[in-house]
Amino acid sequence: MIILGGSACGEIGPNLARLLKARYFSIEKRDFPDGEFVVKVPFDAKGKDIAIVQSTYAPHDRRLMELLFIADALSSMGAKSISAVVPYLAYMRQDRRFLDGQVVSSHVIMKLLNAAGISRLVTVQPHKEEPFRMFRGKVIPVYPVDTLIDAIAKDLREPYVLAPDKGGLGLATRAAELLGCGYAHIEKERDPVTGAVSIRNAPEQRFDGKQVLVVDDMISTGGTIALAAEFAYSRGAAEVDVAAVHLVMAGDAYDRLRKARITRIYGTNTIPFGNASVVDVSGPIADALR
Ligand code: R5P
């Protein structure tokens, strides 16, 4: 297999090549004055199995287009198989029509990946797996909770895991199991128009003297984590930290977390972010590719 890194593969592209003992190439990309760009595959792809590595964080559309362009170029060169390793896959949260007339964006992305010639998709901590039924080919979701928690466990003294919504329960239970501590979850609701979050149902739990670790699949605006932190402190937490797989960190999310008295932010390298302790997820992705 050949690993072909897109411009947003970060360290995961070269790491995968090293772990899989595969050849590594970076895509050649040329920007035009009007903001458009073109890509060029720097090797003969004919008859080869190729894995493109490209994360699709903001600007999402540009990074997605690059992935599609690379796949199509490989396809037209006669590649034997094209896999896409997309550490953060954009648009997955719109996995249904929340309001009449809306698009189901995640389904469109699946169709586009197929149209560009991608037959295998590897992605990390997808928000839900439902969109994958629209993909023709194999999808391998990678859940790196063990890698994330193993790397941060040494920092945690008297942890207690808190999931900020029901959807995060799977992550929370596994994190608590690895840390050998208790867990609780909040039931949150989000206004489909404004996006504002509030607590619908809170557990009875108190966290007196505990180091509460809020775990979630991603931090976007930081609203969900701020809400969970406020709740944990109101129930006696000594410290609140957060561990999230994807550090989307939109807009003023970081300031919001600081204001919410989040002490430490842990995340992974699916998206680059400087103000956090970042854990590499190349290992579990390589396992998936094997
Ligand atoms: C939602 O269901 C997700 O698991 C995250 O909790 C959510 O996407 C985080 O978004 P934000 O940081 O904007 O509250």
Side-chain angles (χ1 to χ4, degrees), residues 55-60 86-99 102 104-107 109 123-132 141-145 148-149 161-176 183-203 212-233 240-268 270-276 278 281:
S55 205
T56 57
Y57 52 88
H60 315 92
V86 191
Y88 174 70
L89 183 54
Y91 291 111
M92 289 300 106
R93 280 179 292 174
Q94 185 71 19
D95 55 10
R96 62 189 168 94
R97 243 176 279 286
F98 294 92
L99 297 171
Q102 280 186 339
V104 184
S105 319
S106 55
H107 290 181
I109 301 299
T123 188
V124 178
Q125 196 75 41
H127 184 61
K128 285 204 184 116
E129 293 191 8
E130 190 281 339
F132 300 150
V142 174
Y143 295 98
V145 57
L148 177 59
I149 298 298
V161 172
L162 178 63
D165 56 34
K166 230 175 166 179
L169 253 180
L171 256 177
T173 47
R174 181 63 186 152
Y183 66 92
H185 82 280
I186 294 170
E187 278 182 43
K188 147 192 120 175
E189 58 192 356
R190 188 184 289 277
D191 185 308
V193 178
T194 66
V197 288
S198 55
I199 294 181
R200 186 188 328 140
N201 216 345
V212 171
L213 181 70
V214 184
V215 293
D216 208 352
D217 58 348
M218 69 172 73
I219 306 172
S220 181
T221 64
T224 300
I225 301 300
L227 188 74
E230 192 188 328
F231 170 73
Y233 280 122
V240 181
D241 302 321
V242 58
V245 175
H246 304 296
L247 300 174
V248 175
M249 303 303 283
D252 63 352
Y254 181 68
D255 292 336
R256 212 162 171 184
L257 298 193
R258 304 294 308 173
K259 268 196 205 122
R261 292 189 289 144
I262 294 289
T263 310
R264 283 178 263 211
I265 305 171
Y266 300 99
T268 77
T270 59
I271 300 175
F273 181 67
N275 289 318
V278 169
V281 289

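Keep in mind the model is a prediction, meaning the values are calculated, not measured. Note that ligands are numbered from 1 as they come in the structure, with each ligand's atoms numbered from 1 the same way.
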> Counting both backbone and side chain atoms, is some N or O of G222 under 3.5 Å from an N or O of ligand 1?
Replying inline: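 Checking ligand 1 against G222, an N or O pair does fall under 3.5 Å apart.
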> What is the nearest protein non-hydrogen atom to atom 7 (C) of ligand 1, stated with its residue, atom name and distance?
Replying inline: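 That would be R190 NH2, 3.6 Å.
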> Identify the closest protein heavy atom to atom 8 (O) of ligand 1: which residue and atom is it, and at what distance?
Replying inline: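 Result for atom 8 (O) of ligand 1: R93 NH1, 3.1 Å.
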>> So for atom CD, which belongs to Q94, do other residues, nucleotides or ligands contribute more than 12 heavy atoms lying within a distance under 6.0 Å?
In response: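 Yes, CD of Q94 has more than 12 neighbouring heavy atoms, counting only those of other groups under 6.0 Å.
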Taking only heavy atoms of [X] into account, list the atoms of ligand 1 that are under 4.0 Å away from them.
{"X": "K188", "value": "1 (C), 2 (O), 6 (O)"}
{"X": "D217", "value": "3 (C), 4 (O), 5 (C)"}
{"X": "M218", "value": "5 (C), 8 (O), 9 (C)"}

> Is V248 touching ligand 1 with its side chain, its backbone, both, or neither, if touching means heavy atoms under 4.0 Å apart?
Replying inline: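 Under 4.0 Å from ligand 1, V248 contributes no heavy atoms.
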>> Side chain, backbone, both or neither: which applies to H127 and ligand 1 if a contact is any heavy-atom pair less than 4.0 Å apart?
In response: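 It is the side chain that touches ligand 1; the backbone stays farther off.
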>> Is it true that E130 and H107 share a donor-acceptor pair across their side chains at a distance under 3.5 Å?
In response: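 Yes, because at least one side-chain N or O of H107 sits under 3.5 Å from a partner of the opposite role on E130.
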> Under 3.5 Å, is there a donor-acceptor pair between the H185 and D165 side chains?
Replying inline: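 Checked: H185/D165 side chains show no N/O donor-acceptor pair below 3.5 Å.
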> For atom 5 (C) of ligand 1, which candidate among D216, T221, T224 provides the closest heavy atom?
Replying inline: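 Nearest heavy atom to atom 5 (C) of ligand 1 lies in D216.
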> Hey, what do you get for CD1 (I225) to CG (D216), rounding to the nearest 0.5 Å?
Replying inline: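 That separation rounds to 4.5 Å.
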